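Quick notes on the structure that follows.
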Amino acid sequence: MTEQLLFRNLMRITPGHLDAFCEAVGRAIAFVEEHAPQLMVQTFIDEKEMRAVSFQLYRNCDDVLRHWQISDAHINDVSAHCTVERLEVYGSPSEAVAQGIAPFIADGRGFIMPPLAGYSRF
């Protein structure tokens, strides 16, 4: 089994913020591609429904914590233009990562699904 974690973040874009949201996401992706530890980040958008979804694959829990530490300003920039509707974490997060997503779990927007079986070619 792998230590990898996969995050799926479903966001509702604030009305009137579509362009600003897209620009903020572009800046955030450029930053994490250059500086952050994620193995993969992909963001998809449905402009008609004003929703976006982001998938992020991390090597391990330390990489999640490192990303949160160095990318906080970019996370806040994107968050200024949307609301997280759902935050799904697939894998076995450490206590520190679980604490970081605890507010989403507490209000019903988040969950953690532990691994059953699988492999990765990364």
Side-chain angles (χ1 to χ4, degrees):
M1 193 58 62
T2 177
E3 293 181 20
Q4 291 176 340
L5 295 164
L6 178 64
F7 281 50
R8 178 182 177 268
N9 181 9
L10 178 63
M11 298 159 279
R12 165 84 53 200
I13 302 165
T14 305
H17 288 239
L18 179 61
D19 290 341
F21 173 81
C22 291
E23 291 168 8
V25 168
R27 287 189 302 272
I29 297 277
F31 176 82
V32 298
E33 184 175 18
E34 182 73 21
H35 302 286
Q38 289 99 318
L39 296 172
M40 180 272 298
V41 177
Q42 292 289 331
T43 303
F44 303 88
I45 190 165
D46 181 338
E47 291 183 4
K48 182 180 177 195
E49 294 295 322
M50 294 291 283
R51 284 192 165 152
V53 65
S54 172
F55 293 91
Q56 298 189 32
L57 180 62
Y58 297 90
R59 189 176 356 265
N60 55 41
C61 292
D62 289 339
D63 284 357
V64 174
L65 298 173
R66 175 84 177 125
H67 164 64
W68 288 347
Q69 178 186 33
I70 69 172
S71 303
D72 189 56
H74 293 283
I75 294 168
N76 290 335
D77 188 24
V78 171
S79 297
H81 306 290
C82 68
T83 302
V84 174
E85 290 188 333
R86 191 87 174 138
L87 179 59
E88 302 168 356
V89 176
Y90 299 92
S92 299
S94 65
E95 183 65 31
V97 172
Q99 287 177 1
I101 62 172
F104 297 99
I105 293 171
D107 69 14
R109 293 181 294 156
F111 78 87
I112 298 168
M113 187 175 292
L116 174 61
Y119 70 91
S120 176
R121 295 194 193 274
F122 287 96

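Keep in mind that what you see is a predicted model, and the values were worked out from it rather than measured. Just the heavy atoms: all of them, side chains too, but no hydrogens, waters or symmetry mates, feed the values below.
- Across every non-hydrogen atom of R86 and G110, the tightest pair is NH1-N, 4.1 Å.
- Within the structure, every pair that satisfies the ring pair (Phe, Tyr, Trp, His ring centres under 6.0 Å) test and touches residues 84-104, not counting sequence neighbours, is listed here: Y90-F111.
- Linking Ile, Leu, Val, Met, Phe, Trp and Tyr whenever their side-chain heavy atoms come within less than 4.5 Å leaves F55 and V78 in two separate clusters.
- Considering every non-hydrogen atom in both M50 and G16, the closest pair reads CE-N, 4.5 Å.
- Taking every heavy atom of both residues into account, W68 and I75 meet most closely at CD1-CD1, 4.2 Å.
- Contact annotation: the side chain of L10 approaches that of R51 to within less than 4.5 Å [non-hydrogen atoms, C-beta and beyond].
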Which donor-acceptor pairs under 3.5 Å do side chains of residues 28-44 form with protein atoms, sequence neighbours excluded?
from, atom 1, to, atom 2, distance (Å)
Q38, NE2, Q56, OE1, 2.8
Q38, NE2, H67, ND1, 3.0
Q38, NE2, H67, NE2, 3.4

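- Atom CG of N60 and atom CG of L5 lie 7.5 Å apart (nearest 0.5 Å).
- Ion pairing of E49 with R12 is absent here, as no side-chain N (NZ or NE/NH1/NH2) approaches a carboxylate O to less than 4.0 Å.
- The distance from atom OG of S79 to atom CG of D72, rounded to the nearest 0.5 Å, is 9.0 Å.
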Go through V25 and I45 one step at a time and tell me if the side chain to side chain contact (heavy atoms under 4.5 Å, CB included) criterion holds. CA-CA 11 Å; V25 168; I45 190 165; over 6 Å; no
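- Under the 4.5 Å side-chain criterion, counting only non-hydrogen atoms from C-beta, M11 is not in contact with V53.
- Ring centroids of Y58 and F7 are separated by less than 6.0 Å, placing the two rings close together.
- Applying the side chain to side chain donor-acceptor pair (under 3.5 Å) test to residues at least two apart or on different chains, the pairs with a partner in residues 105-118 are D107-R109.
- With contacts defined as side-chain heavy-atom distances shorter than 4.5 Å, the pair N9/V84 qualifies.
- Across all non-hydrogen atoms, the minimal contact from P93 to A98 is CB-N, 4.2 Å.
- Here CD of E3 is found 10.5 Å from OG of S94. Values are rounded to the nearest 0.5 Å.
- Atom NE2 in H17 sits 7.0 Å away from atom NE2 in H81 (nearest 0.5 Å).
- Hydrophobic clustering (ILVMFWY, side-chain heavy atoms < 4.5 Å, transitive): I101 and L57 are in distinct clusters.
- Annotation: the span from M113 atom CE to L6 atom CG amounts to 11.5 Å, rounded to 0.5 Å.
- Rounded to the nearest 0.5 angstrom, R27 CZ and C22 SG are separated by 11.0 Å.
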